[in-house]
Amino acid sequence: MSFNTILLLVLVTYFSIILFEGYISYKKSHGEADYMVGGRSMGAWITGASLAATQMSAGTFVGTIGLHYLTGASFIWGWTGIWLAYVVAGIWIAPKLRRYSAEHGGLTFPDYIADRFNSNTARAVAAVVIIICYIVFMSAQYQAGGVILQTLFGLPFVYGALILLAITVLYTVVGGMVAVMRTDFLQQIVMAIGVVIGLPLLIIYAGGPSNIGTVLADVGPNYLGWHFGFRELLGFALAFGFTFVAAPYVVTRYYAVPDDRTARQAVAVAIFFNVLTATSVAAIALTMKVLYPQLIVADAASTVYAAQVLPPLMGALMIAAIIAAIMSTVDSVLLVTGSAVSHDIYYRLINPNATESQRLKVNRIAILVTGAIPILLTLQRLDIVQFIVNAYASLMASGIAVAVLVGLYWKRASTAGAIASMAIGFGVALILYILGQPPLPLVGTLNPVIPGVLASAISMYVASVLTRPVPDQNLTPFFPDVAPTAPAVAGGSE
Amino acid sequence: VTPFGLPVDSAIIFGIILLAFMVWYANRTDTAQHD
């Protein structure tokens, strides 16, 4: 059988299992809490695998392999920001958010913003930041999927993107969070198998570790050493770290676990899958450099690896891993975006009297619509995939990281502080992307996330000290030492 | 020459240390007092 036939069989099997899983999850879900936070009863392995699978996207399997191929070993240190962010989140963020969700009924990321900062305006700002960032991000994922299917099957680009869109939207709409997390688990397993399975063979083809080391040492003086310096790697690590420490889909994972211990074990599982993938991806890219030193498009390294180096079945699994990375990211992002539209904008701001079944219906429609809009952006082919992913990550982190981290640990953080930090942080990063950034004295050109987060933090501090703190009843869910003094009011949960 | 050079080796060791710490930390957490 040819590679394409085997690949088609693998993909059809994989899509069928995922859709079946979506249907099972639909049967298991009853009501809004199941649909949006998995009934708060997800286990550590499913949650951890889901965190890792969502974080790793087309960027990881196409962009990161390409970057390693081009620049050598040192980029792997960019991942350490994500690993540290998981540890910080597992110890300092997840427990507080989990308890808030379990005891005060928080379902979405903007729920936290509204409850902590006592403001539906802050809720609206958070929801808008999420919707804009994630629509841009999804367009990059569809684009990557379209390009891969086009390269392999000669399918017109837009059909490939539409097929992935249709399958992902379908199981997300019917199954909600339960389907997203359970399919993420399966997808993470496919990803782990896909990147690990062919690696020993690849290393043998390239003449074994010692030959690889010798050849790569001749590629260039820094290929095995520090091509990126400390400052650049710190920039990557900070950008990734700030993005994942408080990403809305990460926050809703913490809402979905039953206790603190499960949250922390889930973080350990996520780090495990991340380290495994980071290592394999770097090894694949560096070994590909030995076998194919002259690829013109570095991003093609992973597809060439799957289609030309590996035996057909292993290659097909590698392609399935890339598709799994795309779908497991898009499903989580869809759910968060759909909830921001239906729960935060429709239910909380427009029609507070909506019944639960009306809300669920709106949620499903919102997922359909927010899943379809990015395809319009995809057709424009904004930029290369990795650039769009980087831009989204910086915008998201600059908008919301400070509101999460500071809001959980600084009682004085006020309504005005939250709104200013989200709007100004997001605005600064957006302006730096649109206008480009002049190199600064001493530090040179920074990743926009660094000035963005700094501006966000300064705005939070200045606006908070100049305005009144939020009432005590809004602090109680997050600071156990603050006793409630009055019944909960605006922005409070059900 | 190590198989893949200094950055990869050291990053893996760093990641494994973080993972070990997180496993240890997750298991020593007593959730009973919170729930």
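In what follows, chains carry the letters A, B, and so on, assigned in the order in which the sequence lines appear, proteins first and then strands, with residues in each chain numbered from 1.
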* Asked: For the atom pair CD1 (B/Ile12) and CG (A/Leu276), what is the distance rounded to the nearest 0.5 Å?
  -> 10.0 Å

* Point-to-point distance, once rounded to the nearest 0.5 Å, from CZ of A/Phe272 to CG of B/Leu18 -> 15.0 Å

* **Contacts of type side-chain hydrogen bond (donor to acceptor under 3.5 Å, both in side chains), residue A/Ser101, not counting sequence neighbours** => A/Arg40

* Taking every non-hydrogen atom, the tightest pair across A/Arg261 and B/Asn27 -> NH1-O, 2.8 Å

* Select all residues of residues 45-53 of chain A having any heavy atom within less than 4.5 Å of some heavy atom of chain B, and report them by number, or 'none'. => none

* Taking all heavy atoms of A/Trp83 and all of B/Ala11, pick out the closest pair and write down the distance. => CZ3-O, 3.3 Å

* Quick one: what part of A/Val87 sits under 4.5 Å from any heavy atom of chain B, side chain, backbone, both or neither? -> both

* Does any heavy atom of chain B fall under 4.5 Å from the side chain of A/Leu233, the backbone, both, or neither of them? -> neither

* Asked: Under 3.5 Å, is there a donor-acceptor pair between the side chain of A/Trp226 and the main chain of B/Pro7?
  -> no

* **Backbone N/O of B/Val23 and side chain of A/Arg264: donor-acceptor pair under 3.5 Å** => no

* Structure fact -> Under 4.5 Å to a heavy atom of chain B? For A/Ser210 that would be neither

* Asked: In chain order, what residues pass the side-chain hydrogen bond (donor to acceptor under 3.5 Å, both in side chains) check against A/Asp481, with sequence neighbours excluded?
  -> A/Lys411

* Heavy-atom pair count under 4.5 Å with chain B, highest-scoring of A/Val269, A/Thr279, A/Thr80, A/Ile91 -> A/Ile91

* To do: Start with the C-alpha distance between A/Val275 and B/Phe14, add both sets of side-chain angles, then the distance that settles side chain to side chain contact (heavy atoms under 4.5 Å, CB included), and finish with yes or no.
  => CA-CA 10 Å; A/Val275 172; B/Phe14 180 75; over 6 Å; no

* At what distance, to the nearest 0.5 angstrom, does CD1 of A/Ile271 lie from CD1 of B/Ile17? -> 12.0 Å

* Asked: Which residues pass the side-chain hydrogen bond (donor to acceptor under 3.5 Å, both in side chains) test with A/Gln188, sequence neighbours left out?
  -> none

